[in-house]
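So the structure is just underneath, and the comments pick up after that.
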Amino acid sequence: MSKDYRPMWASLGLDLDAHDALLAFLGPYYAETFLSQDNRPEGMKYFDFVMSEVHGLRIEELLAAKDEGRKVIATFCTYVPEELVLAVDGVMVGLCAGASFAPELAEAVVPRTLCPLIKGFFGFALGRVCPYLAASDLVVGENTCDGKKKAWEIYGDMSDRMVTLDLPQTRSIAGRALLRSEYVTFARRLEEATGKRLTVEALVRATAVVNRKRDALARLARLRAADPAPISGLDGLLINQIAFYDDPVRFTTQVDALCDELEARVAAGEGVAARGAPRVLVSGCPMAVPNWKVPAIVERAGAVIVGEESCVGERGMRNTVDASADTLDGLVDALVDRYLGIDCAIFTPNGSRLDHIRGMHDAYRADGVLHYGLQFCQPYLMEAGPVEHALEKTGIPTLMVETDYGTEDVGQLQTRIEAFLERLRD
Ligand code: BJ8
């Protein structure tokens with residue numbers, strides 16, 4: 001980190017010793033996972049820098065924005081529209097939940113047998129080591145899976161910054177109406193918090209910013225179809241993870257610059273893995289920073305990940321919003337159209353997710369699919385079986401993996417993943 005941020009962290013109420021311990025783990029883990037990769041694109045230097053300052057300079061930026069009167073809105077789900085937050089001059093950031101921290105504190109308020117993502121959030125919150133949560137003015141939860149629904153009730157009793165969005169579980173007319181009315185209520189809540197009015201001009205401008213970010217990520221995704229792949233899956237995932245934290249305009253510029261470099265690599269036939277290395281599509285639960293365990297195992301075994309059918313990946317970022325309407329009602333309708341297309345496993349039926357997995361498998365020339373389920377995540381673990389069955393039936397090799405944030409199962413995962421890659425090589 002470029003300077004001593006301890007006074008800033010102290011002013012946010014972080015537990016400095018615990019936070020030091022977290023950073024002491026993260027730095028070497030990042031170096032070992034990312035910096036040790038061969039032949040990384042030059043453009044990854046920016047993203048390495050962002051990660052080195054993710055609890056430093058970025059938090060300083062958030063605090064500077066707050067000093068200017070802007071509000072920081074922390075979220076946990078891709079159903080929360082960044083367009084609405086930007087349109088009232090807010091800053092949207094993701095919450096810390098990608099590692100197990102202070103599990104004993106988390107398990108004092110939620111069950112041990114809970115998805116690691118939600119338990120991770122409580123560990124970071126109660127252990128006072130998430131500067132994004134500490135810097136936020138509103139924390140937006142959503143009624144998606146049962147774990148999260150109850151998590152927001154519990155956290156809502158601890159914090160007066162909690163706002164909850166009710167989400168439909170079907171894509172019916174009533175489901176669409178519910179999402180629309182929740183977005184309208186959320187917009188009102190944002191107006192109250194920021195003191196800014198939501199206008200057509202502001203929403204069109206904000207939508208253009210988010211559309212450009214999604215276009216850049218889609219361009220990056222398409223480039224990964226090349227064989228050899230011009231960028232590793234670990235780096236592809238990292239960029240999608242950083243999309244939740246970085247300033248959206250700066251982030252887009254940097255992703256586009258990286259894509260220019262990757263286009264040149266593709267034209268020169270240059271890549272990060274040997275031509276013909278097994279190509280894997282990862283599908284399933286979101287992987288938040290610093291959840292890199294399974295992708296690291298896959299790529300260290302000589303394969304390359306060519307896409308993520310995940311909310312930290314294409315499921316969360318695909319599709320832009322039609323910003324052509326000239327009324328707020330029309331623009332909110334367009335938002336609902338786009339967000340209702342996210343095929344999270346909390347929806348029933350959810351056949352479009354299978355279509356998207358197949359579409360990504362073909363588009364990115366994958367040899368097989370690794371279905372990634374977090375332990376105790378009912379929606380994705382329940383979909384895993386039918387997804388595996390349907391893919392295998394049409395000749396797409398599929399491996400189901402269920403894991404948590406711990407390292408105890410690394411050896412077993414390596415064995416299973418290597419056997420799966422052998423199958424892809426045959
Ligand atoms: S739109 S995937 S970001 S809910 S892993 S907490 S589902 S038990 S994260 Fe998600 Fe929004 Fe859906 Fe995407 Fe529950 Fe499963 Fe845990 Fe999960």
Side-chain angles (χ1 to χ4, degrees), residues 29-30 32-34 36-40 98-100 115-117 224-225 227-229 231-238 240-241 271-315 357-358 360-361 364-377 380-381 383-426:
Y29 181 41
Y30 185 82
E32 171 199 319
T33 308
F34 288 92
S36 63
Q37 298 176 98
D38 289 332
N39 199 18
R40 289 178 88 209
S100 169
C115 133
L117 198 84
R224 292 168 71 187
D227 188 10
I231 185 167
S232 69
L234 274 167
D235 282 335
L237 170 65
L238 182 72
N240 276 284
Q241 290 175 329
V272 288
R275 191 181 292 277
R279 300 168 64 85
V280 176
L281 175 72
V282 172
S283 169
C285 291
M287 294 177 188
V289 171
N291 180 6
W292 306 308
K293 177 171 83 172
V294 167
I297 294 173
V298 171
E299 298 206 319
R300 279 189 196 129
V304 62
I305 295 170
V306 292
E308 295 78 27
E309 190 281 317
S310 162
C311 279
V312 182
E314 199 158 316
R315 185 193 316 126
I357 297 171
R358 285 190 210 282
M360 288 180 70
H361 171 273
Y364 305 137
R365 300 196 275 164
D367 299 307
V369 173
L370 185 150
H371 192 284
Y372 176 82
L374 281 169
Q375 235 174 28
F376 308 117
C377 168
Y380 284 91
L381 294 177
E383 278 196 1
V387 164
E388 181 197 32
H389 182 70
L391 293 177
E392 288 279 359
K393 213 164 95 185
T394 49
I396 300 177
T398 305
L399 175 69
M400 280 204 282
V401 163
E402 181 182 340
T403 186
D404 60 10
Y405 290 162
T407 52
E408 296 79 13
D409 61 351
V410 165
Q412 190 205 56
L413 285 170
Q414 264 164 352
T415 307
R416 291 188 62 217
I417 287 169
E418 279 165 16
F420 179 60
L421 298 182
E422 272 317 301
R423 188 179 162 208
L424 300 187
R425 285 189 183 99
D426 283 346

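Heavy atoms only: backbone and side chains are in, while hydrogens, waters and symmetry mates are out.
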What is the distance from atom [atom1] of [X] to atom [atom2] of [Y], rounded to the nearest 0.5 Å?
X	Y	atom1	atom2	answer
N291	L374	CG	CG	6.5 Å
Y405	Q375	OH	CD	11.5 Å
L424	R279	CG	CZ	12.0 Å
D409	D404	CG	CG	6.0 Å
C311	M287	SG	CE	12.5 Å
I231	Q37	CD1	CD	8.5 Å

Hey, are the side chains of [X] and [Y] touching, using non-hydrogen atoms and a 4.5 Å cut-off?
X	Y	answer
L234	I305	no
H371	L399	no
E308	R224	yes
V280	L421	yes
V282	S310	no
K293	V410	yes
L238	Q241	yes

Of the non-hydrogen atoms in [X] and [Y], which two are nearest, and what is the gap between them?
X	Y	result
E309	S283	OE1-OG, 2.7 Å
L237	P295	CD2-CG, 3.9 Å
A277	A273	CB-CB, 4.0 Å
M360	L281	CE-CD1, 3.7 Å

Run the salt-bridge test on R40 and D235 with the 4.0 Å N-O cut-off and return the result as yes or no.
yes

Taking M400's backbone N and O only, do any of them form a donor-acceptor pair with R416's side chain (distance below 3.5 Å, no angle check)?
yes

Is the W292 ring parallel, tilted or perpendicular to the Y30 ring (thresholds 30°, 60°)?
perpendicular

With a cut-off of 6.0 Å (strictly less than), are more than 12 heavy atoms of other residues, nucleotides or ligands near CD of Q414?
yes

Side chain to side chain donor-acceptor pair (under 3.5 Å) involving E314 - partner list, sequence neighbours excluded:
Y364

